[in-house]
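Beneath this line is the structure, given in structure tokens, with notes to follow.
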Amino acid sequence: MQEEKTYSPGLEGIIAARTAISFLDTEQEEIVIRGYNLLDLIQRAGYVEVVGLLLDQQIPDKQRQQEIEAEMVGSPVPDAIYAILRLLPSEMHAMDQLRTAVSALGGFDKEAGSTDPSSEKERAPRIIGQIAQMVANLTHVAQGREPQPFSPAYSFAENFLRVIVRREVSPPEVRAFEQSLIAYSEHELPNSTFAARVVASTLGDLYGALTAAVASLKGPLHGGANEAVMYMLLEAQNVEGMDKLIRQKLSRKERIMGFGHRVYMRRMDPRAQLLKEVLHQLIQAQGKGQEYLAMCQRGEDIMRSEKGLYPNLDYYAAPVYYLLGIPIELYTPIFFAARSAGLLAHIIEQHSENRLYRPRVLYTGPRGLQL
Ligand code: SDX
């Protein structure tokens, strides 16, 4: 007789890891990152500082920040990676191209197979920088343009944005983009981070774990939502259109992308509120885009009154990226690049104190059949 085990669909409410990296405190409505409030980090820190915090378990001093940023900006992507990307069908989704590129990147790392936490920590800033450069060049390479490496003349965030949009970018644009990277950097144990830890728990290497995370994050129930939100806003075109479209979708029992969250349930994702302010500031700085804020607000109002649901981070990240001129299919790859810092911290932590993940099942099939 199968022992009585509590089966939790989707592992809802199950504690599946012990970590010192982050915690979603829904009681206090605080996202804790190594002891700091993520909202404080978004408002007052730089992305490189957050990378240092995630990897070193403390806010890096200026010298350590410079070391990390030099690795992130100065580590080239092997030409062979772009050669592989050129062989892929140009209509292949950017997340699928990225999944291939992340996996192939391991082939050019002599220590790829090492699961020694100190080796992984030492290599992490380089890998974060390489992933960002691959993401920044994905659509350019797919459309036949030459990839552009990051330059030590600019900060990591400015490099990342300017290589994507291939134009000079303003300080308010760079800051809005950097705040989105911090917002996306780490968020406890979402599906993609869990996927990475599951792979790492077999002593699989970090490239395999990161590749599993890319595959998971593409799903529209997870990271793919930010791209889907933008397509919804463009389909709606204006506030009345948004009202009509959302009500139509709800009447068809469809999910509205950008709303709901397994952990926040029927509460606002704290990051969404802050990204809404980032969107507002960007609109003020650029003097355009007010219509997107109004459309998003109408969507919020309908979902709260009709479904008791609130926006998640993706809902407001999408219009921020649109106003920055970022191609829509890069929204989720950017999410992955920003989250690579948190993912590497989790992979390193899993390799530091490992227990193989091997859950059980509640068997519902037949027994005792004879051939
Ligand atoms: C991210 O885990 C993380 O931290 C992820 C993330 C991170 O930083 O890593 O925060 C990033 O992935 C944010 C989530 C992005 N995804 C979306 O925006 C896609 C749309 N959202 C939903 O599919 C949904 O809200 C989930 C997947 C996010 C959460 O789903 P759950 O916890 O499995 O909830 P559920 O499907 O059981 O829904 C509960 C009820 C249902 O209604 P009933 O059937 O009980 O009547 O709420 C409804 C659902 O129909 N519902 C929605 C809805 N989300 C839930 N109805 C309409 N639109 C939605 N978006």
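Order of listing sets the numbers, starting from 1, for every ligand and every atom in it.
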Practice problem: Would you kindly specify which portion of Met303 sits under 4.0 Å from ligand 1, judged on non-hydrogen atoms: side chain, backbone, both or neither? | Solution: side chain
Quiz prompt | Glu186 side-chain N/O to Ile21 backbone N/O, donor-acceptor pair under 3.5 Å | solution = no
Quiz item: With no hydrogens and no angle check, do the side chains of Gln133 and Gln148 hold a donor and an acceptor under 3.5 Å apart?
Solution: no
Quiz item: Where is the nearest protein heavy atom to atom 47 (O) of ligand 1: which residue, which atom, and how far?
Solution: Arg266 NH2, 3.7 Å
Quiz item: How does Glu306 reach ligand 1, by side chain, by backbone, by both or by neither, if only non-hydrogen atoms under 4.0 Å count?
Solution: neither
Quiz item: Numbering the atoms of ligand 1 from 1, which are under 4.0 Å from a heavy atom of Arg339?
Solution: 7 (C), 8 (O), 9 (O)
Practice problem: Using a 4.0 Å heavy-atom cut-off, say whether Ala225 meets ligand 1 through its side chain, its backbone, both or neither. | Solution: side chain
Quiz item: Where does Asp269 meet ligand 1, judged by heavy-atom distances below 4.0 Å: at the side chain, the backbone, both, or neither?
Solution: neither
Exercise. Could you see which bit of Pro220 sits under 4.0 Å from ligand 1, with heavy atoms only: side chain, backbone, both or neither?
Key: backbone
Quiz item: Going by atom types only, do Asp314 and Tyr184 share a side-chain donor-acceptor pair under 3.5 Å?
Solution: yes
Quiz item: For the ring-ring contact (aromatic ring centres under 6.0 Å, His included) test, which of Phe23, Tyr264, Phe335 pairs with His187?
Solution: Tyr264
Quiz item: Looking only at atom types and distance, does a side-chain atom of Tyr315 sit under 3.5 Å from a main-chain N or O of Cys296, one as donor and one as acceptor?
Solution: yes
Quiz prompt | Heavy-atom nearest neighbour in the protein, as seen from atom 14 (C) of ligand 1, with distance rounded to 0.1 Å | solution = Asn312 ND2, 3.5 Å
Practice problem: Could you pull out, from Phe259, Tyr184, Phe194, Phe335, the option with a heavy atom nearest to atom 21 (N) of ligand 1? | Solution: Phe259
Quiz item: Do we see a donor-acceptor contact under 3.5 Å between the side chains of Thr332 and Asn226?
Solution: yes
Practice problem: Mark up the atoms of ligand 1 that fall under 4.0 Å of a heavy atom belonging to Asp314, in ascending order. | Solution: 1 (C), 13 (C), 15 (C)
Quiz prompt | Residue portion contacting ligand 1 (non-hydrogen atoms closer than 4.0 Å) for Lys307 | solution = side chain
Self-check item: Protein heavy-atom partner closest to atom 27 (C) of ligand 1 - residue, atom, separation in Å
Solution: Leu221 O, 3.8 Å
Quiz item: Tell me, which protein residue and heavy-atom name are nearest atom 35 (P) of ligand 1, and how many Å apart are they?
Solution: Arg255 NH2, 3.9 Å
Practice problem: Give the residue, atom name and distance (to 0.1 Å) of the protein heavy atom nearest atom 33 (O) of ligand 1. | Solution: Arg262 NH2, 2.9 Å
Self-check item: ligand 1-proximal atoms of Thr193, by part, heavy-atom distance under 4.0 Å
Solution: neither
Quiz item: What protein heavy atom is closest to atom 51 (N) of ligand 1, reported as residue, atom name and distance in Å?
Solution: Leu309 CD1, 3.6 Å
Quiz item: Which residue owns the protein heavy atom closest to atom 58 (N) of ligand 1, what's the atom, and how far is it?
Solution: Ile256 N, 2.9 Å
Self-check item: Nearest protein heavy atom with distance in Å, relative to atom 3 (C) of ligand 1
Solution: His261 NE2, 3.1 Å
